[in-house]
Novice: 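Just dropping this structure here.
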Amino acid sequence: MSVWNKPAAERVVSLREQYASAGEPAADLSDLELLNAAYESVLREQIDTRDRYMGLLTEQRKHDDAVRKAATRALTDHAERYAHHAVNEYMRPFNAVLYRIENLPDRPGPRQMEGLRQAADRVRFQLRNAPNHPAELNDPESARQTLRAIRHIVGLLDSREGLNGDDVLRLVKNALNDEAPTDLFAVADRATPKPTPPPPDPPFTGPGWADLKGFWAYQPDSSGAHVKAYPVGEDWYLDLWSDGGQLLAFGTVPEAEVGALAPALVTHADDWARDRSEYAWRRFADTAQATRTTSLDTRTELAPAPGRARQPSNSRLHAATATSPARPPSVTTASPAPTSTEAHPVPPTAPRRSR
């Protein structure tokens with residue numbers, strides 16, 4: 001019977017058997033006191049589990065902060081190089097004028113002064129018509145606000161279907177003309193929300209697995225213990241619970257290992273429920289490593305040796321060599337190896353002519 005819908009009488013019997021196997025006195029406790037003690041134990045386990053979850057979330061937040069700081073640092077380095085290059089390009093005409101001024105003699109002539117004025121006019125013209133003006137480099141054609149408005153419009157309307165194309169085009173044009181989309185939500189309300197397909201089941205699901213809306217549980221029919229699993233980033237966090245509500249093992253593994261690890265954990269549930277002397281995380285780590293090693297050994301036995309093809313049987317070998325077009329029909333597969341004389345026959349010597 002599943003651990004979720006066990007009657008109170010059967011639960012009391014199970015608790016008494018558990019206390020008896022552990023060597024703890026429980027005969028002087030009433031059924032209500034026994035259930036109360038079990039409830040307090042489960043409550044303490046839930047508090048410990050919640051503390052571990054919060055610790056896991058805290059560690060994940062620290063990791064996210066470290067990744068964000070590294071990305072910000074890399075982006076800052078790129079931005080500084082880009083700004084340095086943009087300033088150098090913008091200062092090039094000024095540097096040209098400064099170079100001409102620095103090379104003027106003590107008493108410049110009229111021709112030299114006229115050349116300097118022409119250089120200044122050219123610099124003024126280049127700066128007026130420069131495509132990479134600093135303001136344009138920072139915000140080309142003041143498009144930052146426009147792009148933000150269009151992104152907001154598209155993000156809201158993308159979750160709707162049955163929209164009027166004229167209304168959508170009008171909203172985009174208004175955003176391009178820097179006009180506020182005042183009736184954006186009215187247009188979205190006239191459409192219907194897109195149906196969101198349910199997420200696909202994980203690849204490890206099968207017999208014994210149940211979707212509990214937010215996490216998955218594995219419990220075979222032959223065991224009262226169960227495993228809870230929920231995703232944490234790219235990995236999955238697994239908890240092994242006994243029939244009496246005890247947390248026996250917990251840890252994180254990749255998604256590809258969940259299908260083989262969950263049954264292996266359940267098989268150890270009865271022994272671990274009787275013996276609580278080992279750490280739960282260490283039991284999980286040892287079982288995961290043993291399951292991983294067993295799976296690797298199985299794949300190694302099934303796979304052929306590297307660089308060597310699987311040898312066919314003798315009948316197949318005989319049939320393949322007998323029908324091969326590159327093999328003379330007179331040669332058989334079972335023919336003995338030729339001797340040195342047969343392999344290299346000596347040609348007969350020609351008779352000598354007498355002079």
Novice: Below 4.5 Å, heavy atoms only, C-beta onward: do Arg16 and Asp31 meet side chain to side chain?
Specialist: yes
Novice: Verify the cluster assignment for Val227 and Trp236: are they in a single hydrophobic cluster under the rule of side-chain heavy atoms below 4.5 Å apart?
Specialist: yes
Novice: How far apart are the closest heavy atoms of Val97 and Ala119, and which atoms are they?
Specialist: CG2-O, 4.2 Å
Novice: Heavy atoms only: give me the nearest Pro202-Glu255 pair and the separation to one decimal.
Specialist: CB-OE2, 4.3 Å
Novice: Using a 3.5 Å distance criterion without hydrogens, assess whether the side chain of Glu234 forms a donor-acceptor pair with backbone atoms of Pro254.
Specialist: no
Novice: Is the shortest heavy-atom distance from the side chain of Leu240 to the side chain of Phe250 under 4.5 Å?
Specialist: no
Novice: Can you name the nearest heavy-atom pair linking Ala38 to Leu15, along with the distance?
Specialist: CB-CD1, 3.6 Å
Novice: Find out whether Leu261 and Phe284 are in side-chain contact, i.e. whether some heavy atom of one side chain is under 4.5 Å from a heavy atom of the other.
Specialist: yes
Novice: Do you reckon Val232 sits in the same ILVMFWY cluster as Val258, going by side-chain contacts under 4.5 Å, direct or chained?
Specialist: no
Novice: Go through the structure and list residues passing ring pair (Phe, Tyr, Trp, His ring centres under 6.0 Å) with Tyr230, not counting sequence neighbours.
Specialist: Tyr53, Tyr237
Novice: Any side-chain heavy atom of Leu43 within less than 4.5 Å of one from Tyr39?
Specialist: yes
Novice: Considering only heavy atoms from C-beta outward, does the side chain of Thr291 approach that of Thr287 to under 4.5 Å?
Specialist: yes
Novice: Can Val12 be reached from Leu29 by stepping across I, L, V, M, F, W or Y side chains whose heavy atoms are under 4.5 Å apart?
Specialist: yes
Novice: Set out, in order, the CA-CA distance, both residues' side-chain angles and the distance that settles salt bridge (Lys or Arg N to Asp or Glu O under 4.0 Å) for Asp167 and Arg170, then state yes or no.
Specialist: CA-CA 5 Å; Asp167 292 337; Arg170 177 176 52 80; 3.6 Å; yes
Novice: Judged by atom type as modelled, is there a donor-acceptor pair below 3.5 Å linking the side chain of Asn177 to the main-chain atoms of Lys173?
Specialist: yes
Novice: Shared ILVMFWY cluster between Ile153 and Leu163, side chains joined below 4.5 angstrom?
Specialist: yes
Novice: If I take atom CG from residue Asp270 and atom CG from residue Asp275, how far apart are they, to the nearest 0.5 angstrom?
Specialist: 13.0 Å
Novice: Whether the side chain of Glu33 engages the backbone of Ser30 through a donor-acceptor N/O pair (distance < 3.5 Å, no angle test) should be reported.
Specialist: yes
Novice: Whether the side chain of Asn164 engages the backbone of Asp166 through a donor-acceptor N/O pair (distance < 3.5 Å, no angle test) should be reported.
Specialist: yes
Novice: Tell me, do Arg52 and Leu56 make a side-chain contact under 4.5 Å, heavy atoms counted?
Specialist: no
Novice: Examine distances only and state if a side-chain atom of Ser41 and a backbone atom of Ala37 form a donor-acceptor pair shorter than 3.5 Å.
Specialist: no
Novice: Taking Ser14 for its side chain and Glu10 for its backbone only, find out whether a donor-acceptor pair lies under 3.5 Å.
Specialist: no
Novice: Let me see the working for Phe215 and Asp239 under side chain to side chain contact (heavy atoms under 4.5 Å, CB included), right down to the final yes or no.
Specialist: CA-CA 11 Å; Phe215 60 95; Asp239 283 336; over 6 Å; no
Novice: Got a sec, which pairs hit ring pair (Phe, Tyr, Trp, His ring centres under 6.0 Å) with one end in residues 148-190, sequence neighbours left out?
Specialist: none
Novice: Which class fits the ring pair Trp209 and Trp216: parallel under 30°, tilted 30 to 60°, perpendicular over 60°?
Specialist: perpendicular
Novice: Do the side chain of Gln112 and the main chain of Gly109 share a donor and acceptor less than 3.5 angstrom apart?
Specialist: yes
Novice: Closest heavy-atom contact between Ala280 and Leu248?
Specialist: CB-O, 3.3 Å
Novice: Where is the tightest heavy-atom contact between Gln219 and Ala225, given as atom of each residue plus distance?
Specialist: CG-O, 3.3 Å
Novice: Side chains of Gln118 and Glu114: does their closest heavy-atom pair fall under 4.5 Å?
Specialist: yes
Novice: Walk me through it: do Lys62 and Asp65 pass the test salt bridge (Lys or Arg N to Asp or Glu O under 4.0 Å)?
Specialist: CA-CA 5 Å; Lys62 293 179 181 179; Asp65 293 341; over 6 Å; no
Novice: Checking Asp158 side chain against Val154 main chain: does a donor-acceptor pair fall under 3.5 Å?
Specialist: no
Novice: Identify whether Leu57 and Val67 are in the same connected component of the hydrophobic contact network (ILVMFWY, side-chain heavy atoms under 4.5 Å).
Specialist: no
Novice: Are Arg81 and His78 close enough that a side-chain donor and a side-chain acceptor fall under 3.5 Å?
Specialist: yes
Novice: Restricting to non-hydrogen atoms, name the atom on Thr146 and the atom on Ala175 that form the minimum distance, rounded to 0.1 Å.
Specialist: CG2-O, 3.3 Å
